[in-house]
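As the structure lists them, so they are numbered: ligands from 1, and atoms in each ligand from 1. These figures come from a predicted structure and were not determined experimentally. The first residue in the sequence is number 1, and the count goes up from there.
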Amino acid sequence: MARPPTTLGDRCLAWRNRLVASPRFQRWAAGFPLTRRIARRNTRALFDLCAGFVYAQVLTACIRLDLFGILTEGPLSVAALALRLDLSPDAARRLLRGAESLGLVRAVSDDRFALADLGAALVGNPGVAAMIEHHALLYADLADPVALLRGQAPPTRLSGYWPYAHGGAGDAQSVAPYSGLMGASQAMIAEDVLDVCDLSRVEHLMDVGGGEGAFLQACARRHATKRLTLFDLPAVADRAQRRLARLGLGERITCCGGDFHGGLPIGADAISLVRIVHDHDDAPAQALLAAAHAALAPGGVLILAEPMAGTPGAEPVGDAYFGFYLLAMGSGRPRRVEELRAMLREAGFTAVREPKTRRPLLTRVLIAQKSGADL
Ligand SMILES: CC(C)=CCC/C(C)=C/CC/C(C)=C/C=C/C(C)=C/C=C/C=C(C)/C=C/C=C(C)/C=C/C=C(C)/C=C/CC(C)(C)O
Ligand SMILES: C[S@@+](CC[C@H](N)C(=O)[O-])C[C@H]1O[C@@H](n2cnc3c(N)ncnc32)[C@H](O)[C@@H]1O
C-alpha cells in the first residue's frame, strides 16, 4: 500500500491531484472563464496522447500512397487524387480531411487539396518517410508495453533488426536494412553536426560506427580534411566501401571493419560517434568512450552527436520515443547531457563543451578534448 504523504508539500500536491482528478472540478474548470483555456488545453493534450497511434497511421497511409509526392505537382481535386491513390472518392476525402486536420495538407477549396507546411517538409526529408515505414516494427513490439518493461515480451522485431544490440556482428544480409535506414536518415543530421564542428585543423577524422558513410561523405564535401576513416562492423564497412567507391570517394575515405568493443585503431586527431552511444548500456558505452580516448592522438577531440534526453522543448523525443525504442531494441538508453559529460570525464576527457545545434530535437553535440597539444 502507498505510504501516506508526510511533508506539507506532499499533502498540497495530493490535494491538488485529487482536485484535478475530480470530474466535477473538471466540468467546472472547463466552464469557468479563468480556467477554461487550461482545461481545454489539457483535454486536448490527453486526447492527443490517446490518439497518437491513429494520427501516426493517417501519416503512414499518406506516405505509402505517396500523397505528398503527388501533391508537389500542385493542388488536385478529390476525384483526381482518388484515381491516383487508387481509393474510392469517399476514402480519399476521409484521408485528405484527416491529413488536413494534422497540418499535412490543406483544402484550397471544398474539392481541391494542396500540400501544407508539414507535408511539404516531409517531401524534402525522405529519411523521415523511411522512419515512418520502419515504425511498423516498433509499434508491433510496443503492443504490450508492460510486458516489454517487465522483460516478459517475446523476442522483439527490433532486436532482430539490430543484430549488434545482442552482440551479433551481422552478415551482409542482416546489416543491409538498418544500414540503409541509417544512411537515409543521416541527411537530417550530418549538416547540423558539421555546422557546429570546426574541422579545419583536423588531419585525420575517424567516424566510429560510420554506417554507409553518409556522415563522412558530408565531411568530404565541406572540408579538405586530409584523412577520413570509417570504422564499423565488417559487413557494414564492406557495404560502405562499395558505396563510397561508386560515388567516387573510394580514395578519400578508408573503410575499416572491426568491433569497437575490442578497441579502436589509434592515431586519429578527431573521432566522431554519431548516433552510437545511446545504443549501448552503461558499461559498454563507458568502455567505448575510454577506447576512443585511448585511440585519439594527444590533444585530439571526440565529437559525440545524438538525440539526448531532457532536451528542452523535446522532452518526449528522448525519454518517451528513444527510451521505448531502445527498450524494444534490447540495448541502450537515451542520456542527459550531464550524464554524458560525466561519462566523458570518467573516460579521461578534460574539457567538454556543447555547441548549440540548429535542431536539438534531432541531434545535440558534445565536443570533448583529450589533453595534449591543442588542436
Ligand atoms: C515564408 C514561408 C514560405 C513559410 C513560413 C513558415 C515556416 C517558417 C515554415 C517552416 C517550414 C519548415 C522549414 C519546416 C521544417 C520541418 C522539418 C525540418 C521537420 C523535420 C522533422 C523531422 C522528423 C519528424 C524526424 C523524425 C525522426 C525520427 C522518427 C528518427 C528516428 C530515429 C531512429 C529510430 C534511430 C534509430 C537509431 C538507433 C538504433 C537509436 O541508434
Ligand atoms: C545507429 S547506427 C548509426 C550509424 C551512423 N553513425 C549514423 O548516424 O547514421 C549504429 C552503427 O554502429 C555500428 N556498430 C554497432 N556495434 C558496433 C561494434 N561493436 N563495432 C563497430 N561498429 C558497431 C552499427 O553497425 C551501425 O552502423
Give a yes or no on whether a salt bridge exists between [X] and [Y], defined as a side-chain N under 4.0 angstrom from a carboxylate O.
X      : Y      : result
Arg239 : Glu212 : yes
Arg341 : Glu346 : no
Arg93  : Glu100 : no
Asp269 : Arg227 : no

Any protein heavy atom under 4.0 Å from [atom]?
atom                    : answer
atom 12 (C) of ligand 1 : no
atom 34 (C) of ligand 1 : yes
atom 8 (C) of ligand 1  : no
atom 3 (C) of ligand 1  : no

Which heavy atom of the protein is the closest neighbour of [atom], given with residue, atom name and distance?
atom                    : value
atom 21 (C) of ligand 1 : Val128 CG2, 4.4 Å
atom 30 (C) of ligand 1 : Met131 CG, 3.9 Å
atom 10 (C) of ligand 1 : Asp117 OD2, 4.8 Å
atom 16 (C) of ligand 1 : Ala121 CB, 3.5 Å
atom 27 (O) of ligand 2 : Asp232 OD2, 2.7 Å
atom 29 (C) of ligand 1 : Tyr321 OH, 3.7 Å
atom 23 (C) of ligand 2 : Phe260 CE2, 3.3 Å

Heavy atom under 4.0 Å from ligand 2: found in [X]'s side chain, backbone, both, or neither?
X      : answer
Tyr164 : side chain
Ile276 : side chain
Asp279 : side chain
Leu233 : both
Gln186 : side chain

We want to know whether [X] and [Y] form a side-chain donor-acceptor pair, criterion being a heavy-atom distance below 3.5 angstrom.
X      : Y      : value
Tyr164 : Asp259 : no
Arg353 : Gln369 : no
Ser331 : His280 : no

With a 4.0 Å cut-off on heavy atoms, is His134 in contact with ligand 1?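 His134 does not count as a contact of ligand 1 under the 4.0 Å cut-off.
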4.0 Å heavy-atom contact, Phe322 with ligand 1: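 Yes, Phe322 has a heavy atom closer than 4.0 Å to ligand 1.
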Minimum distance, heavy atoms only, to atom 1 (C) of ligand 2: which one of Arg275, Glu212, Met188 is it?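 Among Arg275, Glu212, Met188, the closest heavy atom to atom 1 (C) of ligand 2 comes from Arg275.
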Looking at non-hydrogen atoms alone, which of Asp279, Val274, Leu137 comes nearest to atom 40 (C) of ligand 1?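 Among Asp279, Val274, Leu137, the closest heavy atom to atom 40 (C) of ligand 1 comes from Asp279.
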For ligand 2, which atoms have a heavy atom of Asp259 less than 4.0 angstrom away?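 Those qualifying, in numeric order: 18 (C), 19 (N), 20 (N).
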Can Ile38 be reached from Leu19 by stepping across I, L, V, M, F, W or Y side chains whose heavy atoms are under 4.5 Å apart?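 No, Leu19 does not connect to Ile38 through the hydrophobic network.
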Of the side chain and backbone of Glu306, name the one, both, or neither that has a heavy atom under 4.0 Å from an atom of ligand 1.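 The answer is neither; Glu306 stays 4.0 Å or more away.
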For ligand 1, does Leu362 get within less than 4.0 Å through its side chain, its backbone, both, or neither, judged by non-hydrogen atoms?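 Side chain only.
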Would you list the atom pairs, donor with acceptor, under 3.5 Å between side chains in residues 42-65 and any protein atom, with sequence neighbours excluded?
{"unit_1": "Thr43", "atom_1": "OG1", "unit_2": "Ala39", "atom_2": "O", "d": "2.6"}
{"unit_1": "Arg44", "atom_1": "NE", "unit_2": "Asp48", "atom_2": "OD1", "d": "3.0"}
{"unit_1": "Arg44", "atom_1": "NE", "unit_2": "Asp48", "atom_2": "OD2", "d": "3.0"}
{"unit_1": "Arg44", "atom_1": "NH2", "unit_2": "Asp48", "atom_2": "OD2", "d": "3.3"}
{"unit_1": "Asp48", "atom_1": "OD1", "unit_2": "Tyr55", "atom_2": "OH", "d": "2.9"}
{"unit_1": "Gln57", "atom_1": "OE1", "unit_2": "Thr60", "atom_2": "OG1", "d": "3.4"}
{"unit_1": "Thr60", "atom_1": "OG1", "unit_2": "Ala56", "atom_2": "O", "d": "2.9"}
{"unit_1": "Arg64", "atom_1": "NE", "unit_2": "Glu133", "atom_2": "OE1", "d": "3.4"}
{"unit_1": "Arg64", "atom_1": "NE", "unit_2": "Glu133", "atom_2": "OE2", "d": "2.8"}
{"unit_1": "Arg64", "atom_1": "NH2", "unit_2": "Glu133", "atom_2": "OE1", "d": "3.3"}

Could you list the residues that satisfy salt bridge (Lys or Arg N to Asp or Glu O under 4.0 Å) with Asp282, not counting sequence neighbours?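 Once residues adjacent in sequence are excluded, the partners of Asp282 under the salt bridge (Lys or Arg N to Asp or Glu O under 4.0 Å) criterion are Arg333, Arg335.
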Can you tell me if Ser272 has a non-hydrogen atom under 4.0 Å from ligand 2?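 Judged by the 4.0 Å heavy-atom criterion, Ser272 does not count as contacting ligand 2.
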